[in-house]
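Have a look at the structure below, then the notes.
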Amino acid sequence: MPHNEPASVSPASREAQTEERYDAQRIESKWSALWQQDSALYAAEASSSKPKYYVLEMLPYPSGALHMGHVRNYAIGDALARYMWMNGYNVLHPMGWDSFGLPAENAAIQNNTPPREWTLRNVAAMKAQMKRLGFAYDWSREVTTCLPDYYRWNQWFFIKLFEKGVAYRKKSRVNWCPKCATVLANEQVVNGRCWRHEDTLVEQRELEQWFLRITNYSDELLRDLDRLPGWPEKVRTMQRNWIGRSEGTLVDFKLDGAPDPATSSIAVFTTRVDTIFGATSVQLAPQHPLVARLTQHNDLLRAQVDQLIAEQRKAREVGDIGEIEKHGVNTGRYAVNPYNGEKVPLWVANYILMDYGTGAIMSVPAHDDRDFEFAKKYKLEVRLVILPTVDDPEETAVDPPLPFTTMQGTLVNSGPFGGMTCEAAIKAMSEYAEAHGFGKATVTYRLKDWGISRQRYWGTPIPMLYCEKDGIVAVPEKDLPVILPENVDITLTGGSPLSRVPEFVNATCPRCGGPARRETDTMDTFVDSSWYFYRYTDAGNDGAPFDREKAGYWFGERGIDQYIGGIEHAILHLIYSRFWTKFMRDMGLIKNDEPVERLFSQGMIIKGGAKMSKSLGNVVSPDDMVERYGADSARMYTLFATSPDRELDWLDEGVEGIERFLGRVYRFVVRNSHPSHRQWHDPVPPILANGARAIQRKLHQTIKRVSDDFQGRWHFNTSIAAVMELVNELYAAEGPVAAGSSAPAIPVPLLREVQRVLALLLAPFAPHLAHELWEMLGEKGSLLRAPWPKYDPTLAREEEIEIPVQVNGKLRSRVLVPADASRENIEQRAFADEKVRAALVGKKVVKVIFVIGKLMNIVAR
RNA sequence: GCCGGGAUGGCGGAAUUGGCAGACGCGUUGGACUUAGGAUCCAAUGCCCAAAAGGCGUGCAGGUUCAAAUCCUGUUCCCGGCACCA
């Protein structure tokens with residue numbers, strides 16, 4: 001085993017005496033200060049011949065302090081932004097604050113600090129943290145959503161939405177979180193619980209609220225998911241599920257014996273109208289309006305239905321609605337199947353949901369699992385109407401196991417439709433229903449309109465007025481913004497805090513000049529984040545939300561080039577944003593159909609196998625990490641520990657490892673960047689001694705590996721590993737130098753190139769240190785705009801390669817050959833190899849597999 | 001139940017197209033330097049075997065192939081999403 005002899009004067013001792021240690025704090029505060037002075041450094045260029053690149057990280061809520069998840073998110077975006085700058089792009093890399101919302105109100109109540117003050121203080125603190133971490137944001141475009149210069153445009157948009165009929169007011173059953181004391185959108189309810197309060201069940205309340213008709217775009221939102229190959233499949237699937245498109249048929253059953261034919265219709269939605277001749281009952285949701293009528297004079301039935309409602313609620317509490325036992329009540333009435341005039345019993349059941357389809361179903365026990373279970377329990381008739389088509393005649397048809405639910409079959413006992421395949425029957429029967437006026441083919445969605453009214457203070461006031469004479473009237477554009485008043489008592493509960501501010505509530509109707517009452521609800525904060533990234537393109541504009549040309553330049557045809565954020569917004573923020581973009585496109589404000597071309601969801605950070613939480617005491621604070629190891633190390637560790645899309649299990653020792661590595665780089669440059677070297681501008685000599693050639697080769701291989709990771713998979717863990725390998729090789733080459741030899745082991749021109757490239761390759765990951773190295777090397781000009789190094793395939797090429805030799809697939813030996821060695825040459829050497837010969841004793845070579853440049857495998861028996 | 005993702009040393013992970021399993025880092029062990037070392041530098045480190053030779057080894061069981069972490073079939077477990085969706 002070859003190894004280096006211990007040197008008489010080792011690098012170790014020399015370093016201890018003459019070299020400074022890597023002092024991240026000193027280096028980072030120096031560069032931080034310089035960057036603060038040069039605010040234009042990271043600014044996107046107003047006009048440019050360069051290609052544009054818009055890279056964006058999801059803006060944070062100003063909770064008071066960054067957490068490690070933020071650092072990881074921003075470290076990814078910052079690395080990419082810096083890489084793109086160095087590759088000659090005009091980069092837009094902005095940051096802002098999603099600063100309306102409940103926590104500010106809760107904190108205000110707890111600490112007796114007004115929400116605005118609390119929020120802006122947090123913004124300042126977190127901005128300082130971001131600067132300390134060295135993220136390269138264009139702060140001239142900062143957006144703070146709770147300030148009137150931003151939220152006035154929420155109001156402006158709301159009026160546009162209202163004018164187009166996309167914003168509307170209706171009374172309906174809505175989700176109410178008692179802890180938030182406000183209404184929630186469907187998207188903010190998870191398993192029947194509040195998204196912010198996992199322990200709190202959402203209640204249903206009948207309220208009049210403002211909604212946005214996101215369902216206008218249901219189909220487009222679904223269809224365009226196929227045009228987003230740059231999005232994670234997971235997110236697209238989640239949105240598809242959420243939109244929940246379902247093709248089926250509406251069929252009207254008549255209530256038998258109803259006095260008034262107009263109100264006797266029971267609309268049923270089914271995806272399997274082909275099975276309708278097998279319907280042996282109709283089931284209503286307990287909240288169905290018809291149930292209310294039927295129970296009006298029937299206290300017993302009313303009590304039974306109430307029981308069903310209670311069971312549904314219970315199931316939601318458990319959070320596993322699929323496990324609840326099915327219960328039903330026979331109303332004693334009948335519904336008439338319009339296809340055959342048959343009377344079937346009308347039931348109310350606890351497994352029918354009022355908020356999907358029509359809240360009523362036809363029950364076909366023979367061909368639906370749930371209906372089958374229900375029918376067995378209540379001894380309802382099971383009638384087979386589909387005969388399965390099975391390839392194997394043994395298994396066919398005679399006695400299929402019920403329920404039989406697939407589409408592979410033909411209809412029986414189905415009147416004129418008998419003999420049709422399921423697929424054909426669905427089409428024919430839908431057309432038949434339409435022709436006879438009792439139904440039609442239809443599409444239902446799970447997606448519901450977006451309820452945006454919030455009965456809270458800290459949000460955008462909805463710019464609407466209620467006039468006794470003129471009804472609902474929008475605030476005229478010239479009167480915007482409707483300013484959110486300060487000094488509002490938010491500690492009282494019950495209703496919107498703004499409703500207790502007479503100066504706010506009392507207004508004048510712009511139409512008739514008479515008295516009007518102002519809307520006192522505020523907007524869901526997801527309105528703020530639905531379009532904020534357009535505002536970055538023109539943040540100072542006070543005549544419009546943004547200039548069309550500027551937004552057009554940065555969004556182009558396809559939107560933000562790269563958006564990076566957590567998976568928790570897969571549905572909420574990202575579906576609202578898509579909706580908003582489509583609305584703005586229809587208004588003619590923008591040309592792009594989608595806001596984001598490429599989306600990246602970074603993985604969560606955990607520690608000790610669990611999500612970081614105060615109660616577990618495993619929270620890692622960015623401030624703490626920066627103080628102990630420096631910003632560069634903390635950032636770089638989040639990129640090195642694993643690939644960005646995976647879950648990251650935090651390990652403090654891992655950060656130490658990065659700090660150690662950065663120290664190695666720093667010390668290498670300190671002792672090898674003698675000012676006298678700077679006069680060397682010679683090109684690297686074409687022919688290098690063995691050791692130097694090895695370093696040159698490694699250098700170019702490293703450039704390739706780092707560049708490839710940026711271009712492709714974003715596996716920065718392997719990019720950083722590649723740079724580490726290079727540095728390890730430099731240290732190995734240095735070893736003998738220290739032993740007193742005066743000639744440098746690495747020729748100065750190559751040494752200078754290596755050091756320059758090190759600074760360039762580290763710039764996206766450890767910007768402070770990279771800038772320090774750049775300066776130490778006497779380089780002029782900003783590292784940020786220095787061109788990314790090019791790799792030369794000729795220089796990266798190996799002159800000699802080791803070919804593994806297998807016998808019957810098992811590695812037996814390796815032969816070292818010139819890279820261009822012929823197959824014959826390699827085979828000759830391989831068969832001469834002792835180990836190979838030993839493995840071939842008593843065997844006959846059948847054939848030799850030869851993979852150029854990779855390996856050879858001798859097949860022998 | 002349905003739809004995703006995953007399982008590789010003591011740990012985080014690497015292996016980009018089927019071609020040397022374990023790069024890089026952590027940890028551990030040994031050494032150098034030292035008044036000292038929790039600094040730094042060097043080396044070793046998948047498992048079995050005293051060592052060599054050899055064997056075994058990518059959740060599990062099979063299969064395809066000269067060759068499988070990678071492809072196929074079946075299966076277990078873990079994580080995430082959706083869920084009486086008619």
Side-chain angles (χ1 to χ4, degrees), chain A residues 1 3-7 9-16 19 21 191 232-235 237-238 240-242 244 246 248 268-272 283 312 315 320-324 326 349-353 355-364 368-371 373-374 444-446 567 570-571 604 637 640-643 645-658 660-661 663-664 667 705 708-709 712-713 715 717-718 720-725 728 731-732 734-735 738 802-811 814 838 846-849 851 853-860:
Chain A
M1 202 44 43
H3 69 278
N4 295 323
E5 289 299 314
V9 181
S10 78
S13 62
R14 193 188 50 174
E15 273 164 27
E19 288 182 7
R21 68 186 183 91
N191 280 331
E233 189 52 49
K234 182 179 183 174
V235 173
T237 305
M238 283 166 75
R240 266 186 213 110
N241 289 341
W242 185 259
S246 177
V268 157
F269 176 73
T270 177
T271 54
R272 293 298 304 272
Q283 306 282 343
Q312 273 194 354
D320 197 353
I321 205 158
E323 292 296 307
I324 184 195
K326 292 178 181 35
N350 64 355
Y351 72 98
I352 310 302
L353 306 172
D355 44 18
Y356 184 79
T358 59
I361 65 152
M362 61 174 200
S363 178
V364 185
D368 182 280
D369 291 315
R370 291 153 307 175
D371 294 348
E373 185 189 336
F374 191 86
T444 61
Y445 298 89
R446 214 179 81 105
I567 189 75
I571 291 175
M604 251 188 4
Y637 174 68
F640 177 69
T642 182
S643 49
D645 55 321
R646 288 234 229 169
E647 188 175 84
L648 188 163
D649 198 352
W650 191 271
L651 199 69
D652 283 358
E653 288 81 1
V655 193
E656 280 176 40
I658 296 293
R660 203 143 41 212
F661 164 68
R664 278 164 74 82
R667 286 187 300 275
R705 284 174 65 186
D708 284 354
D709 274 329
R713 312 180 303 166
H715 281 198
N717 50 336
T718 57
I720 294 167
V723 181
M724 286 173 169
E725 283 181 48
N728 289 347
Y731 267 67
E734 235 191 346
E802 233 181 16
I803 300 287
V805 183
Q806 298 180 337
V807 176
N808 290 332
K810 287 200 171 170
L811 180 69
R814 296 186 172 91
V846 179
K847 69 174 165 175
V848 177
I849 309 277
V851 186
K854 288 273 193 205
L855 96 175
M856 68 179 282
N857 185 15
I858 302 163
V859 185

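Numbers restart at 1 for each chain; the letters A, B, ... are given by sequence-line order, proteins then strands.
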(message) Does any part of the side chain of A:Y356, heavy atoms only, come nearer than 4.5 Å to the side chain of A:T444, both counted from C-beta?
(response) yes
Which nucleotide in [options] has an atom nearest any side-chain atom of [X]:
| X | options | answer |
| --- | --- | --- |
| A:T642 | B:C24, B:C84, B:G13 | B:G13 |
| A:R713 | B:G19, B:U16, B:A86 | B:U16 |
| A:Q806 | B:C20, B:C82, B:C42 | B:C20 |
| A:N728 | B:G25, B:G13, B:A86 | B:G25 |
| A:F640 | B:A67, B:C84, B:C24 | B:C24 |
| A:L651 | B:C26, B:A23, B:A14 | B:C26 |
| A:R370 | B:C66, B:A86, B:A14 | B:A86 |
| A:L855 | B:C20, B:A86, B:C41 | B:C20 |
| A:K810 | B:G13, B:C56, B:G27 | B:C56 |
| A:L353 | B:U16, B:C85, B:G81 | B:C85 |

Have a look at [X] and say if it touches a base, only the backbone sugar-phosphate, or nothing, with a 4.0 Å heavy-atom cut-off.
| X | result |
| --- | --- |
| A:I658 | nothing |
| A:I849 | base |
| A:D649 | nothing |
| A:R814 | base |

Which whole-number value in Å describes the distance from [X] [atom1] to [N] [atom2]?
| X | N | atom1 | atom2 | answer |
| --- | --- | --- | --- | --- |
| A:M362 | B:C85 | CE | P | 15 Å |
| A:R660 | B:G25 | CZ | P | 10 Å |
| A:W650 | B:G12 | CH2 | P | 16 Å |
| A:R646 | B:G5 | CZ | P | 13 Å |
| A:E233 | B:G6 | CD | C1' | 17 Å |
| A:E725 | B:G13 | CD | P | 19 Å |
| A:R21 | B:G37 | CZ | C1' | 15 Å |

(message) Assuming nearest nucleotide by heavy-atom distance, tell me which of A:A722 and A:M856 is located more 5' along RNA chain B.
(response) A:M856
(message) Both A:G657 and A:Y637 contact RNA chain B. Taking the nearest nucleotide for each, which residue is further toward the 5' end?
(response)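 Per heavy-atom nearest nucleotide, the more 5' residue is A:Y637.
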(message) Whether the A:N728 and A:R664 side chains hold a donor-acceptor pair (N or O, under 3.5 Å, no angle test) is what I'd like checked.
(response) yes
(request) Please name the pair of heavy atoms, one in A:L648 and one in A:A641, separated by the smallest distance, quoted to 0.1 Å. (result)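 Smallest heavy-atom distance, with atoms named: CG-CB, 3.8 Å.
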(request) Would you state whether a donor and an acceptor, one from the side chain of A:N241 and one from the base of B:C82, lie under 3.5 Å apart? (result)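 Such a pair does not exist between side chain and base.
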(request) Run the salt-bridge test on A:R660 and A:E653 with the 4.0 Å N-O cut-off and return the result as yes or no. (result) no
(message) Check whether A:Y351 forms a cation-pi arrangement with A:K326 (NZ or CZ under 6.0 Å from the six-membered ring centre, at most 45° off the ring normal).
(response) yes
(message) Run the side-chain contact (heavy atoms from CB on, under 4.5 Å) test on A:K234 and A:I567 for me, step by step, so that the C-alpha distance in whole Å, both residues' side-chain angles and the decisive distance to 0.1 Å come before the verdict.
(response) CA-CA 9 Å; A:K234 182 179 183 174; A:I567 189 75; 4.1 Å; yes
